[in-house]
Amino acid sequence: MQEIQIFNTLSRKKETFTPLNEGFVGIYVCGPTVYGDPHLGHAKSYVSFDVVVRYFRYLGYRVRYVQNITDVGHLTDDADEGEDKMAKQSRIERLEPMEIAEKYTYRYFRDMDRLHVLRPDISPRATGHIPEQIAMIKKLIDKGHAYEAGGNVYFDVTSMPDYGKLSGRTLDEAEAGARVGVSSDKRNSADFALWKRADESHIMRWDSPWGEGFPGWHVECSAMATKYLGETIDIHGGGLENKFPHHECEIAQCEGAHDAPFVRYWMHNNMVTLNGQKMGKSLGNAITLEQFFTGSHELLSREWSPGVIRFFLLQSHYRSTTDFSEKALESAESGYLNMTGILDAIQGTAGAGSGKNDSSGVSGTPFDLQKLRNGLHTCMNDDFNTAKAIGLLFEQLRPLKSVLQSGKTPSNITELRDFLEIFCGDVLGIWHPGEAGEAGSALPIDGVMQILLDLRQSARQNKDWATADRIRDRLAELGITIEDGPGGSTFKLS
RNA sequence: GGCGACAUGGCCGAGUGGCUAGGCAGAGGUCUGCAAAACCUCGUACGGCGGUUCGAAUCCGCCUGUCGCCUCCA
């Protein structure tokens, strides 16, 4: 088994990963609040953890990947003020709150599917786990970590001596830095809500020992992570901006309730920025994935495919910020097409059958697959360095292009193809051979094109350039590009 | 103000003290009826000032700048 180094945000250093249970990895990642379309920032987070999960599976671990869907209306502003986000959106769209949740859950999965993000094993909904959350709150009250005040329940942060260990904050600082005055119900300004009393206007409400209300934001993750992964889990992931207060509060709740360490390895992905500013829903500068895929945003000059977006994100490390610009996307696209071009060429050569090209001369020189494989493992084992891995793929695979073009075939091309199918397909998720052809499979386009290419070839042999160029130009008008190469002509759909 | 990151060649972006990251763009070349595409070759960069060291982009200190969190947020 490979030794994986993970940067643990709790200890702020890389640590060797050892699972709680041999051969098994339990991972929890904070999922979206479903009141709007997912944007590029969501993609960075979920693509990053997608690769983490895929790599663990590749190494032979059994992984249980849990990612919540937050469908409870949390407040838009301060913990005690502002409007319920779900209710607000439902008013805007004139839909039931649960219609909003269903709609955006559906759209979230649709966009993640397009990005080839594998679905979590469990996607628990917060509203489906109200009893679990109430049970946890009760336990915290019983153990003296929480108190009820006027239908609200708050976590008493002074009951946890190490509160703040993840974010590096102390209670003194939290109190001194508190911007909002102490809420009348709270004993301490740093205390956070576990349960909120619902006033008359609040639509999403549940019965509880403390009256009708709704759960606090942080407790859903604690309750659901515990239910599906146990009191101590291997990995907890999420966006950096959730380190405080969300993850800090999760730790307090779980460790307060269970007296056991909550998370062994905390992983936080960095932000996507736009002109140096964080891309975020509340900042109003987020470009949704749908907008990328359709090109319908004022900052976008055209559409960008999911494959390009994924490749673009994986070209930087998950702990680095990814600065978005169309120029950066454009170079990612060129690189992506270049990479898939190499992979397709390998696939094409290997798929053509080992015997076919033998007469033209198999070089016989095998590709150094071991070197590539080991190199990629080294990259990935070092805190999932996908950027370095992609660099290595370019470096090692590029010389193969000229070899293949010269008609030679490394003796182990089939093994190489098989490995790349697994590594670039199953692990990185950036190559899906065969997928592109599905759309036009109803028509025998390849056969029709071959007829045209043959006709054009005869024209060229007769030096009838007018006819040859006419075929090429007319096809170009239809979005079909003809490219003449030494081994004949090929076509591409644009 | 507190806590925490980051500053790399035209752009994006890795980087474990000494050995070319990589990609994009650009330049030259090969091929080609033309075009396009392919392929080959080419860039010695690490915010500033000190320090440690035989040697620092990489370690330490200071400075400058940018960003994140401290309120919902991937």
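Because only heavy atoms are used, hydrogens play no part in the values below, and waters and symmetry mates are left out as well, while side chains stay in. Not measured: the values here are computed from a predicted model. To find a chain, count down the sequence lines: A is the first, B the second, and so on, and within it residues start at 1.
- Here the side chain of Gln315(A) is nearest to one of G22(B), G15(B), C69(B), namely G22(B).
- A ring-centre distance under 6.0 Å is found for Phe56(A) and Phe17(A).
- In the interface, the side chain of Ser167(A) is not paired with the base of C3(B) through any donor and acceptor atom under 3.5 Å apart.
- The partner of G18(B) is C54(B), judged by Watson-Crick or G-U wobble contacts that both fall below 3.5 Å.
- Counting only heavy atoms from C-beta on, Lys278(A) has its side chain closest to C69(B) among A14(B), G23(B), C69(B).
- In this structure, CZ of Phe394(A) is placed 12 Å from C1' of A21(B), rounded to the nearest angstrom.
- Residue contacts shown for Asn270(A) include a base, since a base heavy atom lies under 4.0 Å away.
- Two residues, His246(A) and Ser402(A), neighbour RNA chain B, and the one matched to the more 5' nucleotide by heavy-atom proximity is Ser402(A).
- Of the C1' atoms belonging to G15(B) and U41(B), the separation is 25 Å, rounded to the nearest Å.
- Side-chain rings of Phe367(A) and Phe419(A) stay apart, their centers remaining 6.0 Å or farther from each other.
- Contact annotation for Val29(A): no contact, since no heavy-atom pair falls under 4.0 Å across all strands.
- Put simply, CD on Glu241(A) is 14 Å from C1' on C67(B), counting in whole angstrom units.
- A cation-pi arrangement is found for Arg302(A) relative to Trp304(A), the charged atom lying closer than 6.0 Å to the ring centre and inside a 45° cone about the ring normal.
- For Ser331(A), the listed nucleotide lying nearest its side chain is C24(B); candidates were C24(B), A74(B), A5(B).
- Close to C24(B), at under 4.0 Å from its OP1 or OP2, lies no side-chain N or O of Lys327(A).
- In this structure, CD of Glu3(A) is placed 14 Å from C1' of U16(B), rounded to the nearest angstrom.
- Ser334(A) comes within contact range of the sugar-phosphate backbone alone, with a heavy-atom separation under 4.0 Å but no base atom that close.
- Judged by a 6.0 Å distance limit and a 45° cone about the ring axis, Arg187(A) is not positioned over the six-membered ring of Tyr154(A).
- In this structure, U30(B) makes no Watson-Crick or G-U wobble pair, since no nucleotide meets both defining distances under 3.5 angstrom.
- Atom pair Lys165(A):NZ and G4(B):C1' shows a separation of 18 Å (rounding to whole Å applied).
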N/O-N/O pairs, protein side and nucleotides 32-36 of chain B side, under 3.5 Å:
residue	atom	partner	partner atom	Å
G33(B)	N1	Asp469(A)	OD1	3.1
G33(B)	N2	Asp469(A)	OD2	2.9
C34(B)	O2	Arg472(A)	NH2	2.8
C34(B)	N3	Arg472(A)	NH1	3.1
C34(B)	N3	Arg472(A)	NH2	3.3
C34(B)	N4	Asp484(A)	OD2	3.0
A35(B)	N6	Asp484(A)	OD2	3.3
A35(B)	N1	Arg472(A)	NH1	3.4
A35(B)	N1	Asp484(A)	OD2	3.4
A35(B)	N3	Arg472(A)	NH1	2.9
A36(B)	N1	Asp484(A)	O	2.6

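- When Watson-Crick and G-U wobble pairs are counted only if both distances are under 3.5 Å, A5(B) pairs with U66(B).
- Between G13(B) and G47(B), the distance separating the two P atoms is 15 Å to the nearest Å.
- Taking atom P in both C60(B) and G18(B), one finds a spacing of 16 Å when rounded to whole Å.
- For Gly31(A) and Asp382(A), each mapped to the nucleotide of RNA chain B holding its nearest heavy atom, the one lying further toward the 5' end belongs to Asp382(A).
- At a threshold of 4.0 angstrom between heavy atoms, the contacts of Gln277(A) are confined to the sugar-phosphate backbone, with no base atom among them.
- A distance of 10.5 Å separates CG in Leu452(A) from CZ in Arg474(A), rounded to the nearest 0.5 Å.
- Tyr55(A) and Asn381(A) are linked by a side-chain donor-acceptor pair at a separation below 3.5 angstrom, with hydrogens and angles left out of the test.
- For the P atoms, the distance linking G22(B) with G43(B) amounts to 11 Å, nearest Å.
- The separation of C11(B) from G68(B), taken at their C1' atoms, amounts to 24 Å, rounded to a whole angstrom.
- Taking side-chain N and O atoms only, Arg398(A) has a distance below 4.0 Å to OP1 or OP2 of G23(B).
- To the nearest angstrom, P of C12(B) lies 14 Å from CG of Leu274(A).
- In this entry C72(B) has no Watson-Crick or G-U wobble partner, no candidate having both defining distances under 3.5 Å.
- The side chain of Asn338(A) lies closest to C24(B), out of G68(B), C24(B), A14(B).
- Look at Ser320(A) and you'll find a side-chain N or O under 4.0 angstrom from OP1 or OP2 of A14(B).
- To the nearest 0.5 Å, atom NE2 of residue His268(A) and atom CG of residue Asn242(A) are 7.0 Å apart.
- With ring centers used as reference points, Tyr108(A) lies under 6.0 Å from Tyr46(A).
- Aromatic pair Tyr228(A)/His129(A): ring centres closer than 6.0 Å.
- For the pair Tyr35(A) OH and C72(B) P, the interatomic distance rounds to 11 Å; values are reported in whole Å.
- Across U30(B) and C34(B), the matching P atoms stand 13 Å from one another, rounded to whole Å.
- Checking G61(B) for Watson-Crick or G-U wobble geometry (two distances, each under 3.5 Å) identifies C49(B) as its partner.
- Met279(A) places its CE atom 13 Å from the P atom of G68(B), with the value rounded to the nearest Å.
- Between Phe324(A) and Phe292(A), the angle of the ring planes goes over 60°, which puts this pair in the perpendicular group of the 30/60° scheme.
- Taking the P atom of each, G29(B) and A35(B) are spaced 14 Å apart, rounded to whole Å.
- Gly41(A) comes within contact range of at least one nucleobase, with a heavy-atom separation under 4.0 Å.
- Contacts of Ser325(A) with the nucleic acid, taken as non-hydrogen atoms under 4.0 Å apart, are absent.
- The side chain of Glu395(A) approaches A21(B) more closely than any other nucleotide in the set C12(B), A21(B), C72(B).
- Proximity note for Lys388(A) (side chain, C-beta onward) versus U16(B), G22(B), C70(B): the nearest is U16(B).
- Note that CE of Met449(A) and CZ of Arg456(A) are 9.5 Å apart. Values are rounded to the nearest 0.5 Å.
- Straight-line distance from the CE atom of Met271(A) to the P atom of C69(B): 7 Å, rounded to whole Å.
- In A25(B) the O4'-C1'-N dihedral to the base is more than 90° from 0, which defines an anti nucleotide.
- Note on Phe49(A): nothing from the nucleic acid sits closer than 4.0 angstrom, heavy atoms only.
- One P atom belongs to G4(B), the other to C62(B), and the distance between them is 13 Å to the nearest Å.
- Out of A14(B), C70(B), A74(B), the shortest distance to the side chain of Arg169(A) is found at C70(B).
- Using the Watson-Crick or G-U wobble rule with both distances under 3.5 Å, A25(B) pairs with nothing in any strand shown.
- Using a 4.0 Å heavy-atom cutoff across all strands shown, His268(A) reaches no nucleic acid atom at all.
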